[in-house]
> 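Submitted below is the structure of interest, expressed as structure tokens.
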Amino acid sequence: MASGTALIYDEEMTTHKLLWSDPVCDIEVPERLSSSYDQLKRYHLVERCVHVPAREASQEEILLVHSSEHLEVAKSTQTMNEEELKKVSGNYDAFFFHPNTYCCARLAVGATLELVDAVMSGKVRNGMALVRPPGHHSQRNAANGFCLFNNVAIAAEYAKLKYGLQRILIVDWDVHHGQGTQYIFEEDPSVLYFSWHRYEHQEFWPSLKESDYDAVGLGKGKGFNINLPWNKVGMGNSDYLAAFFHVLLPMAFEFDPELVIVSSGYDSGIGDPEGQMNATPEVFAHLTHFVMQLANGKLCVILEGGYHLKSLSESVCMTVRTLLGDPVPQITGEMAPCLSAVESIQNVRAAHKSYWKWLMYEDTSFLQNLSTKSLLLKKANPNPSTEHESKITNNDETVKVERFLELHMKNILFPVPPIKTATTDSRGSVHLLPVPVHFVKEIDKTEIKALVSGFYADIVKEDKNLLSLGSILAILDKILKKEVCNGIAESPTCSVSVAVALRHSVRFGFQRVLCIFVGDMEIIPNTEDGKILMIHICEKEQSGKTRSKHYISLNWKEDAEGNDFFPAVLGFILPVAYSYQPNLTVIAVGPNRSLGISGISLLFSLLQGLAESRILAVIKDTEINVMQSVAKALVGASAPQFGVYVPPTQEKVNKIKILRDQFQQEWKMLQCSVKDGI
Ligand SMILES: CC(O)(O)NCCCCN
Ligand SMILES: [Zn+2]
């Protein structure tokens with residue numbers, strides 16, 4: 001997998017500006033670009049990226065999507081005076097021309113295409129283009145919503161033509177519906193378009209019926225257009241994460257894209273006057289981290305909206321540092337999606353049931369009444385208050401948001417540990433990892449013996465564990481001190497090693513440790529009153545063990561090809577893990593028939609989104625090939641590889657549903673359907 005992150009920025013794109021007063025358009029200012037770039041410099045992120053210059057797109061490239069009439073109109077504005085510019089701007093909904101607009105829009109397209117080339121050629125792994133004017137509202141023959149040319153749509157057509165791609169995913173996390181992009185690809189099954197957007201039952205701009213969840217695409221494109229409408233403002237981190245766990249990620253992994261392009265609007269972030277949402281900048285690190293696990297990491301992030309300069313620039317920085325592979329900051333806020341969000345999630349899943357294998361067994365019986373129910377709800381309370389207490393309201397409280405973000409960002413920013421991964425093994429040679437890692441010296445036996453006899457004698461019965469215990473405790477100490485962020489140790493008996501590691505972690509201050517056991521191994525019960533949450537994925541039913549909210553056994557047997565783990569990883573483990581918000585994750589892998597290698601590496605990759613990416617891996621010493629793939633996942637050297645998609649069986653879907661019903665009141669990120677009798 002290629003390495004490096006491209007950053008494309010050209011000051012020329014700040015020359016497009018509004019020349020007259022227009023209360024709709026006056027938020028789309030040049031400072032959006034310059035303040036984002038300045039913040040990137042302040043966090044020393046610019047120098048860590050590969051600088052790729054922008055270029056002007058050719059007319060042919062623009063004509064990949066737009067009509068020649070549209071191109072001619074745009075070209076003609078270069079020589080217009082203010083009065084003529086104002087007149088031609090009046091032909092569109094929410095667009096303004098400046099004499100430099102045409103040149104800036106060509107640079108925005110060209111920058112986007114340069115990023116596609118840099119990623120597809122392997123010059124970089126991923127990258128971000130800071131461009132304006134934005135693109136996702138513009139259509140074949142019209143400018144719209146501050147957009148002149150559809151940068152992302154042209155990039156998708158360009159990538160299909162030049163690289164013969166057949167599956168491109170566009171993720172649009174801007175708070176407005178990219179109706180332009182939807183119209184361009186709605187009959188095209190090679191481009192999967194996902195958009196969430198403020199909708200409020202069609203009240204919010206652009207107030208289109210076709211922005212609702214039942215617009216699934218047309219003709220051959222049916223199923224390849226996904227609209228997730230937010231029917232209330234004030235949506236927050238947990239609503240966005242739930243939308244990824246229960247809608248986008250299962251679709252995206254089944255689609256298995258060859259390239260991911262993000263229409264990256266940050267007006268879905270807190271403080272934005274357009275969005276009126278409450279999600280905080282670090283959520284974009286998580287969203288970016290998730291989409292980095294697709295298409296072998298080939299990811300192009302293209303700026304769309306974002307009008308609160310401080311919120312925008314902090315969110316841009318969160319995106320770029322994640323693209324660079326930095327640890328993902330802890331998510332903040334209550335991990336519980338609101339009722340309206342769960343209702344929208346349930347509706348869009350039902351609308352797509354007949355187009356996706358992963359939804360084959362989805363229960364849609366609720367549809368006839370729920371959708372009317374939500375409309376009845378709307379009629380019942382015409383001006384719905386938000387379900388989330390809106391911590392920060394937006395009308396001219398920009399300064400308040402700035403102060404909030406100053407404090408907020410201090411709490412969640414952290415020094416990037418110098419080394420990413422530590423490893424030791426009883427043979428003492430670091431033979432596993434493709435990149436230099438930190439080799440942890442082993443604690444000598446006498447020291448370990450004293451430590452164990454002092455604290456862990458009840459667990460450690462025999463000497464053969466001492467060596468592996470030494471390496472585990474040595475790595476744990478490095479992680480505890482934040483000198484490394486994750487580590488791998490091999491062990492002859494995982495359950496003993498893990499039991500000692502868990503007790504050690506709690507003793508040394510971790511308040512919430514998530515422990516995932518993969519494979520049939522004997523678990524040494526660890527109460528620690530809620531400081532440890534155990535999930536055991538095992539082939540054999542765990543007889544006798546009572547399930548509690550802190551001990552969950554998920555009976556799972558991998559299928560022949562070993563890759564139908566998505567419902568377990570995406571639909572259950574991830575939502576529970578995010579609900580728990582651990583500050584350390586321990587994953588033990590024994591001999592197992594539960595999750596295939598790719599399921600295990602997906603689990604490791606996705607769980608790096610938690611606990612500031614702190615993970616301790618304890619691998620049974622016989623499982624060398626597991627060690628290899630886990631090592632690559634932890635050093636970020638590769639995205640997980642999946643075989644051909646195998647849909648889950650009804651039996652497996654039911655297993656998850658039963659567990660979800662059992663635990664969704666406790667671990668609320670599991671919620672993806674509204675129980676009757678709301
Ligand atoms: C790029 C964008 O989605 O942020 N444009 C929003 C236009 C809003 C017009 N009322
Ligand atoms: Zn927007």
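Indexing begins at 1, ligand by ligand and atom by atom, following the structure's order. One-based numbering along the sequence shown.
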> Can R48 and D326 be counted as an ion pair, charged N to O under 4.0 angstrom?
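Salt bridge flag = yes for D326 with R48.
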> What atom name does the N, O or S atom of H176 nearest to the Zn ion (ligand 2) carry?
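The atom in question is ND1.
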> Tell me if the aromatic rings of F204 and H197 count as close, with their centers under 6.0 Å from one another.
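They do not qualify: ring centres at least 6.0 Å apart.
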> Mind telling me whether F149 and H66 have parallel, tilted or perpendicular rings, with 30° and 60° as the class edges?
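Tilted.
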> Side chain of Y193, backbone of G178: donor and acceptor closer than 3.5 Å?
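Yes; judged by distance alone, with no hydrogens or angles, the pair exists.
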> Salt-bridged, D117 to K123, with N to O below 4.0 Å?
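Salt bridge: no.
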> State plainly whether the residues E114 and R55 are in salt-bridge range, i.e. N to O under 4.0 Å.
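So E114 pairs with R55 through a salt bridge.
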> With carbon and hydrogen excluded and only N/O/S kept, which atom of D267 is nearest the Zn ion (ligand 2)?
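So the atom name we want here is OD2.
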> With ring-ring contact (aromatic ring centres under 6.0 Å, His included) as the criterion, how do F95 and F97 come out once you've worked through the C-alpha distance, each side chain's angles and the decisive distance to 0.1 Å?
CA-CA 7 Å; F95 189 75; F97 279 101; 4.9 Å; yes
> Under a 3.5 Å threshold, I'd like every N/O contact between ligand 1 and protein atoms, with atom names and distance.
| unit_1 | atom_1 | unit_2 | atom_2 | d |
| --- | --- | --- | --- | --- |
| ligand 1 | 3 (O) | H136 | NE2 | 2.8 |
| ligand 1 | 3 (O) | H137 | NE2 | 2.6 |
| ligand 1 | 3 (O) | D174 | OD1 | 3.2 |
| ligand 1 | 3 (O) | H176 | ND1 | 3.2 |
| ligand 1 | 4 (O) | H176 | ND1 | 3.4 |
| ligand 1 | 4 (O) | D267 | OD2 | 2.9 |
| ligand 1 | 4 (O) | Y307 | OH | 2.5 |
| ligand 1 | 5 (N) | H137 | NE2 | 3.3 |
| ligand 1 | 5 (N) | G145 | O | 3.1 |
| ligand 1 | 5 (N) | Y307 | OH | 3.4 |

> Would you mind naming the N, O or S atom of D174 nearest to the Zn ion (ligand 2)?
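Of the nitrogen, oxygen and sulfur atoms in D174, the Zn ion (ligand 2) lies nearest to OD1.
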